[in-house]
Amino acid sequence: MKIEKRVLDMTLAAIFTAIIIMMAVVPFLGYIPLGFMNATIIHVPVIIGAILLGPRYGAYFGLVFGMTSLIKATLTPNITSFVFSPFVSIGGYSGNMWSVVISLVPRILIGVAAYYVYELAMKALHNKKGGQTAALWIAGIAGSMTNTILVMNGIYVFFGKSYAAASSWVVARIYDVILGTIVTLGVPEAIVAGILTTAVVKVLLKIKND
């Protein structure tokens with residue numbers, strides 16, 4: 001049984017890895033260009049994979065996501081891609097090793113956060129009707145917001161002035177812009193992640209447990 005479970009987990013891990021890479025490569029599927037940055041739903045398979053396979057796989061899926069972000073920022077840069085790649089210089093503003101941190105660390109933590117939030121929510125709601133549905137929805141939102149909050153605050157901490165200048169925003173108001181992005185971009189992404197996570201994981205858990 002342990003060998004069968006390991007084989008199944010590795011197969012699912014390969015599938016989720018392929019999905020993440022495909023979403024990164026196919027235009028407008030995983031990354032949605034907004035001019036100054038990209039919206040994304042690639043965190044959704046990271047969240048789903050973490051809940052199904054555990055936090056270590058979740059961290060791995062997040063790393064794959066982060067690597068696609070770094071590569072995309074390097075190969076097809078926009079005006080602020082230097083915050084995601086140390087290899088990009090645009091208008092006198094250059095990335096550095098903190099760009100790697102922003103690209104990778106928040107994405108690695110997506111699956112970890114989603115998995116543990118799901119576990120905690122399941123413990124708190126296990127006797128409640130619809131408890132699993134609520135736990136999945138909460139985990140999807142938590143994973144998505146982990147990405148948005150850490151990425152946007154990382155940009156502010158490590159690249160605040162250059163990010164504002166490259167985007168033609170007033171430096172003194174840059175954190176207002178960061179908060180605005182979290183609310184206007186991050187919240188809708190989180191809602192979508194919660195809905196998709198709930199719908200997909202319930203089906204996959206049923207198939208996996210049969």
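Val64 and Ile20 get closest at one heavy-atom pair: CG1-CG2, 3.8 Å. The two atoms that bring Ile90 and Pro77 nearest to each other are CD1-CB, 3.9 Å, heavy atoms only. Heavy-atom minimum distance, Val88 versus Ala73: CG2-O, 3.3 Å. What you find for Ala13 and Tyr57 is that their closest heavy atoms are CB-CE2, 3.5 Å. Contact record, Gly140 with Ala193: O-CB, 3.6 Å, taken as the closest heavy-atom pair. Scanning both residues, Val117 and Ala139, for their nearest heavy atoms gives CG1-CA, 3.9 Å.
Annotation: the span from Phe65 atom CZ to Met23 atom CE amounts to 9.0 Å, rounded to 0.5 Å. In this structure, the separation between OG1 on Thr146 and CG on Leu109 is 7.5 Å, given to the nearest 0.5 Å. Atoms CD1 and CD1, from Ile174 and Ile178 in turn, are 5.0 Å apart once rounded to the nearest 0.5 Å. Here Thr68 contributes atom OG1 and Arg107 contributes atom CZ; the two are 7.5 Å apart, rounded to the nearest 0.5 Å. Atom OG of Ser69 is separated from atom CD1 of Ile42 by 8.0 Å, given to the nearest 0.5 angstrom. Distance CG/Leu104 to CG/Leu70: 6.0 Å, rounded to 0.5 Å.
Between Asn153 and Tyr175, some side-chain heavy-atom pair lies under the 4.5 Å cut-off. Between Ile41 and Glu189, the closest side-chain pair of non-hydrogen atoms is not below 4.5 Å. The shortest side-chain heavy-atom distance between Ser81 and Asn78 falls under the 4.5 Å cut-off. Between Thr197 and Trp137, the closest side-chain pair of non-hydrogen atoms is not below 4.5 Å. Side-chain contact between Lys161 and Tyr93 is absent, with no heavy atoms from C-beta onward closer than 4.5 Å. Counting heavy atoms from C-beta on, the side chains of Ile47 and Tyr115 never come closer than 4.5 Å. Looking at heavy atoms from C-beta onward, Tyr118 lies out of side-chain contact with Ile138 at the 4.5 angstrom threshold. Contact annotation: the side chain of Phe84 never approaches that of Ser99 to less than 4.5 Å [non-hydrogen atoms, C-beta and beyond].
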If you apply the rule side-chain contact (heavy atoms from CB on, under 4.5 Å), what do you find for Ile102 with Phe159, and how did you get there?
CA-CA 10 Å; Ile102 293 172; Phe159 294 100; 3.7 Å; yes

Applying side-chain contact (heavy atoms from CB on, under 4.5 Å), run through Phe82 and Ser89 and close with a yes or a no.
CA-CA 6 Å; Phe82 61 89; Ser89 295; over 6 Å; no

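Leu120 and Leu136 are members of different hydrophobic clusters when ILVMFWY side chains are connected at heavy-atom separations under 4.5 Å. No path of Ile, Leu, Val, Met, Phe, Trp and Tyr side chains, each step under 4.5 Å between heavy atoms, connects Ile108 with Leu52, placing them in separate hydrophobic clusters. By the rule that hydrophobic residues join a cluster once side-chain heavy atoms approach within less than 4.5 Å of another member, Val26 and Leu196 end up as members of one cluster. When hydrophobic clusters are built by joining Ile, Leu, Val, Met, Phe, Trp and Tyr residues whose side-chain heavy atoms come closer than 4.5 Å, directly or via intermediates, Leu53 is grouped together with Ile48. Linking Ile, Leu, Val, Met, Phe, Trp and Tyr residues whenever their side-chain heavy atoms come within less than 4.5 Å places Leu204 and Phe61 in a single cluster.
In this structure, Met22 places its CE atom where more than 12 heavy-atom neighbours from other residues, nucleotides or ligands lie under 6.0 Å away. The 12-atom threshold is exceeded at CZ of Phe158, counting heavy atoms of other residues, nucleotides or ligands nearer than 6.0 Å.
With sequence neighbours excluded, the residues forming a salt bridge (Lys or Arg N to Asp or Glu O under 4.0 Å) with Asp9 are Lys5, Lys208, listed by chain and number. Val101 is linked by a side-chain contact (heavy atoms from CB on, under 4.5 Å) to Trp98, Val105, counting only residues two or more places apart in sequence or in another chain.
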